[in-house]
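One structure is given below, encoded as structure tokens.
In listed order, ligands and their atoms are each counted from 1. Computed from heavy atoms alone, side chains included, the values below leave out hydrogens, waters and symmetry copies.
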Amino acid sequence: MANGATTGTTAATASVSAPSLLMRPIAWIPEARRRQLGITLLIVAALAFPFYIDSNDADVDSMANAAAYATLALGLNIVVGYAGLLDLGYAAFFAIGAYTYGILTAYQLQPPWNEFWEVFHTLGLATPVPADVGTGMVVHFTLSFWLALPLAAALAAFFGVLFGLPTLRLRGDYLAIVTLGFGEITPIVVRNWSDLTNGAAGLNGVAAPQLFGWSFGVNSVPYYYVAIAMVAMLIFISVRLRDSRIGRAWMAIRDDEIAAGAMGVDRTKFKLLAFAIGAAFAGMTGVFYVAKLQTATPEMFGFPVSVMILVMVVFGGMGSVWGVVLGAFILQLLQSWWLQDLTEWTHMLGRAVGSTILQKADFVQSIELIFGVILVFMMLYRRDGLIPAVRPQKALTMEQQHAEVRRGGFSDLKLQGLGGDVRTGAAALEIKGVTVRFGGLTALNKVDITVPTGSVVAVIGPNGSGKSTLFNAITALVETDGGSVRFHGEEMIGLSPHAILEKGIARTFQNLRLFTNMTVMDNALVSQHTRLKTGVLQAIFRPPSTRAEEKGAREWAMEVFSIFGNRLVPRTEQMVIGLSYANRRRIEIARALASRPRILLLDEPTAGMNPAETLELAEQIKSLNDLGLTVLLIEHKLDVVTRLADTVYVLDHGDVIASGTPAEVRKDEEVLRAYLGRNTQAATAGVA
Ligand code: ADP
Ligand code: MG
């Protein structure tokens with residue numbers, strides 16, 4: 001907490017050259033070993049816990065509950081922390097898991113017995129019992145706890161997708177409100193579907209777990225170990241997912257959803273995946289929770305519970321696996337241990353000083369107030385939580401910045417993944433009659449542009465003439481009102497942004513859209529998303545094929561970074577947020593290139609760069625084109641256009657008013673008037 005005031009933006013740039021006060025006692029342990037050692041100690045402590053507290057059942061019980069909340073926090077962390085989707089109704093999935101197990105083990109649902117149930121009887125899932133009323137036999141479900149864990153996880157995941165579907169188009173406030181709705185609906189359904197859930201009275205006689213015929217009963221210790229095992233497993237899954245293609249896709253969506261789509265992430269799929277996995281964690285926890293309490297009531301899953309889990313995530317550090325676990329434990333134990341003690345001490349103090357207010361204070365009852373206060377303090381002084389997901393980064397030393405890096409030597413780069421297209425003269429990109437309207441404004445009016453394979457085509461025009469809109473139309477970020485965009489003969493209109501990137505059209509944005517809370521390397525890995533195959537299971541188990549794929553992706557990204565030499569190569573593990581503007585421009589280009597495009601769309605790549613940097617970048621673009629990469633370029637600086645472009649198209653108010661070689665266009669009267677203003681003489685001087 002020493003640097004408690006350090007917040008997101010500054011944390012990334014802060015230098016930590018000297019070991020902090022906290023780290024000094026363990027400074028002698030090699031850095032690589034520290035984590036292993038820490039985790040080992042933690043595991044040993046967790047396993048030994050029930051032994052060294054004189055088997056005080058209440059304390060073990062509190063710890064087991066805290067662990068259950070840690071699993072919930074880990075699940076919500078995937079939705080909120082990783083994917084950036086604010087979910088205020090997360091407890092709904094907790095309820096779904098809880099009632100799945102509850103209903104299938106309690107004496108609530110009892111259909112009449114017939115042959116149909118024999119199969120379930122053989123499988124040990126149901127057993128015939130005499131009916132309470134009338135005669136005959138009824139079914140008593142006896143779902144095993146261990147079977148219920150994955151089953152409830154799957155069912156909750158299904159509901160996660162179901163709840164996720166209608167909310168996908170929404171973000172921020174709207175998403176929060178819809179999830180709040182689902183969070184409210186679920187307990188109400190539970191309360192009113194009495195046949196199934198026994199309504200507000202709750203399910204009774206939920207079965208305790210059994211292990212080899214031995215029932216857990218009401219002994220807290222076995223529950224504690226199950227909970228700890230669940231936390232350990234979910235920490236492992238969370239970490240593995242975070243550091244994989246899947247986690248990167250989520251974080252890209254969190255940082256900039258539009259850019260994520262344009263860089264090849266199927267946003268619909270990955271948002272649903274986050275919802276589903278987060279829900280699965282909660283479903284599993286629900287099974288554990290009701291098995292431990294042996295009852296389930298609607299109040300256990302209301303809005304305050306959703307809020308509490310969210311507070312745990314925020315308190316611990318959104319997106320930080322260890323942070324949210326710590327946050328959950330602290331806040332849960334705060335309630336069950338410390339607030340109780342604090343209340344008693346306050347009462348004692350009250351009696352001693354004769355204050356009735358102190359004698360009546362009850363901190364346990366004021367838990368929501370205390371949560372509120374904690375939240376306010378966290379937002380004011382430590383917005384990134386107890387353990388921030390983004391660590392403070394070391395600034396580069398002079399040596400690192402100036403280390404010898406291959407630079408400009410394109411010929412020896414293994415950049416075959418780029419272009420490779422030869423100048424056949426055939427059209428790579430064929431834009432025909434593309435029109436885009438924004439209400440009454442026609443931003444593009446039946447625009448025709450052809451980009452031959454292997455060439456550089458520039459689009460110029462005054463501000464607001466529709467250049468960026470043209471790129472947005474090609475990459476499906478705006479809807480077109482007619483026209484066609486063919487890429488190597490294939491129609492692009494109607495495809496989604498990620499599909500267009502997959503076809504080989506990559507772009508940069510005029511107003512940088514990088515994933516700022518990710519490293520430079522991760523930015524270039526996100527854009528390879530569609531070229532990689534790692535799924536959820538591969539991400540978790542990391543088979544050799546997945547390791548090889550990751551390694552290959554990183555090597556390719558480094559190849560691409562080396563185009564920009566020292567500017568990027570020493571900085572690949574830095575957060576984008578701490579880098580200079582010119583470097584961010586380069587990263588955008590590198591990110592687009594990493595996707596192995598067949599055409600690169602550059603929207604004012606040299607904006608904000610000084611003349612030397614502009615020249616350097618122009619040379620780099622030229623070299624890329626020499627490798628066979630087709631380039632469509634929006635550029636304001638006419639010297640760059642003259643240097644690079646084979647063909648220039650001039651846009652004005654959404655119309656193509658001229659096209660030809662740079663020399664031809666420069667002479668065009670209409671262009672001079674539209675583009676350079678009335679003072680043509682001065683402007684021509686500037687161009688030449
Ligand atoms: P340029 O890149 O050539 O400077 P743009 O393509 O960004 O121009 O914009 C062309 C016109 O379309 C401008 O008048 C702009 O205000 C308008 N425009 C661009 N995007 C939108 C949008 N999403 N909604 C409404 N109007 C837009
Ligand atoms: Mg623009």
Side-chain angles (χ1 to χ4, degrees), residues 169-172 174 256-262 267 429 431-449 451 456-483 485 492-493 496-497 500 505-514 581-582 584-585 588-589 591-592 599-609 614 617-618 621 631-638 640-641 644-645 647-659 662 665-666 668 670-677 683 687:
R169 290 177 177 280
L170 308 174
R171 274 195 75 75
Y174 299 105
D256 190 328
E257 198 180 325
I258 288 173
R267 289 165 292 171
L429 194 67
I431 300 162
K432 277 229 168 77
V434 166
T435 299
V436 173
R437 288 191 203 94
F438 297 112
L441 178 99
T442 305
L444 290 177
N445 184 23
K446 302 207 180 92
V447 168
D448 294 337
I449 290 177
V451 185
V456 177
V457 171
V459 178
I460 63 173
N463 272 331
S465 57
K467 305 182 298 295
S468 297
T469 304
L470 175 70
F471 275 20
N472 290 343
I474 298 170
T475 55
L477 297 186
V478 295
E479 273 190 40
T480 48
D481 302 285
V485 175
M492 294 290 116
I493 304 264
S496 45
I500 288 172
I505 303 181
R507 67 169 293 174
T508 66
F509 293 88
Q510 182 179 355
N511 310 307
L512 299 170
R513 299 199 86 126
L514 285 163
Y581 187 76
R584 291 190 195 199
R585 284 237 167 264
E588 267 229 346
I589 298 172
R591 182 178 70 174
I599 186 169
L600 183 61
L601 274 46
L602 297 170
D603 195 344
E604 302 197 18
T606 68
M609 287 190 171
T614 301
L617 188 62
I621 296 170
V631 178
L632 179 58
L633 173 75
I634 295 175
E635 186 52 72
H636 262 312
K637 297 175 185 166
L638 288 180
V640 176
V641 172
L644 292 178
T647 315
V648 181
Y649 286 83
V650 186
L651 276 180
D652 187 33
H653 293 296
D655 290 306
V656 175
I657 55 166
S659 65
V665 166
R666 236 169 30 180
D668 192 301
E670 202 181 343
V671 173
L672 292 178
R673 215 175 314 105
Y675 186 66
L676 303 165
V687 173

Note: A476 and P497 closest approach over all heavy atoms is O-CG, 3.8 Å
Nearest heavy-atom contact between P662 and V641 is CG-O, 4.2 Å
Do R513 and F509 form a cation-pi contact, if we require the NZ or CZ to be under 6.0 Å from the six-membered ring centre and within 45 degrees of the ring's axis?
yes
Heavy-atom closest pair (F471 atom, D603 atom, distance to 0.1 Å) is CE2-N, 3.6 Å
OE1 (Q510) to the Mg ion (ligand 2) to OG (S468), nearest 10°, is 90°
Hits for salt bridge (charged side-chain N to carboxylate O under 4.0 Å, His left out) against R591, two or more places apart or cross-chain, chain-then-number order -> E588
Value for CD (Q510) from OG1 (T508), rounded to nearest 0.5 Å, stands at 9.5 Å
- Item | N472 side chain to R507 side chain, donor-acceptor N/O pair below 3.5 angstrom | yes
> Do any N/O/S atoms of T469 come under 2.8 Å of the Mg ion (ligand 2)?
Replying inline: no
The answer, listing residues by chain and number that come under 4.0 Å of ligand 1 through any heavy atom, is F438, L441, A443, P462, N463, G464, S465, G466, K467, S468, T469, Q510
